[in-house]
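Below: the structure, in structure tokens.
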Amino acid sequence: ILGMASESDDMSKEARKRLIVRHLVERDLVLPPKPLHLDMRRQGHVISISTVRRLLRELDEEGYVEQPEDYQGYYRPTQKGREWVAEADS
């Protein structure tokens, strides 16, 4: 789309990861990748669905988000993820 910045503009991989976790924390939601991506886009964040999926898998492996047993494919922030976001905001 004309006029929109590319997803890599001025945002590191770590910053995109933190953005995803922050979004989940602020919304206090458990979401699968597609609705998370759409909600982030509605908020003006330029990030692709494939990036959201890939980074959620990495964040899960790193312990910043988790998939609840009852909701496979859905993600929520862990306490470690909440602390990571709070640390960046302080």
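Because the structure is predicted, anything quoted here is derived from the model rather than measured. Atom set for the values below is all heavy atoms of this structure, side chains included, hydrogens, waters and symmetry mates excluded.
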Is any side-chain heavy atom of Leu31 closer than 4.5 Å to a side-chain heavy atom of His23?
-> no
Leu29 with Leu36, same ILVMFWY side-chain cluster at under 4.5 Å | yes
Could you state the interatomic distance from CZ (Arg22) to CZ (Arg27), rounded to the nearest 0.5 Å?
-> 12.5 Å
Is there side-chain contact between Lys17 and Ile20, with at least one heavy-atom pair below 4.5 Å?
-> no
Measure the CZ-NE2 distance between Arg16 and His45 for me, rounded to the nearest 0.5 Å.
-> 13.5 Å
For the residue pair Leu55 and Glu58, establish whether any side-chain heavy-atom pair is separated by less than 4.5 Å.
-> yes
Would you call Lys13 and Arg54 a side-chain contact if the rule is heavy atoms closer than 4.5 Å?
-> yes
Criterion side-chain contact (heavy atoms from CB on, under 4.5 Å) on Gln43 and Glu26, from CA distance to verdict | CA-CA 12 Å; Gln43 296 298 314; Glu26 289 175 353; over 6 Å; no
Thr78 side chain to Gly63 main-chain N or O, any donor-acceptor pair under 3.5 Å?
-> yes
Leu38 versus Arg41: any side-chain heavy-atom pair under 4.5 Å?
-> no
Check whether any side-chain heavy atom of Tyr75 lies under 4.5 Å from a side-chain heavy atom of Pro33, and answer yes or no.
-> yes
Does CD in Gln79 sit with more than 12 non-hydrogen atoms of other residues, nucleotides or ligands closer than 6.0 Å?
-> yes
same_hphob_cluster(Val25, Leu59) at 4.5 Å side-chain heavy-atom cutoff = yes
Check the hydrophobic clustering (I, L, V, M, F, W, Y; side-chain heavy atoms under 4.5 Å; chains of links allowed) and say if Val52 and Met11 are grouped together.
-> yes
Using a strict cut-off of less than 4.0 Å between a Lys/Arg side-chain nitrogen and an Asp/Glu carboxylate oxygen, indicate whether Arg18 and Glu14 qualify as a salt bridge.
-> yes
Rounded distance (nearest 0.5 Å) linking atom CG of Leu19 with atom OG1 of Thr51 | 11.5 Å
Output the distance between atom CG (Asp60) and atom CD (Glu66), rounded to the nearest 0.5 Å.
-> 8.0 Å
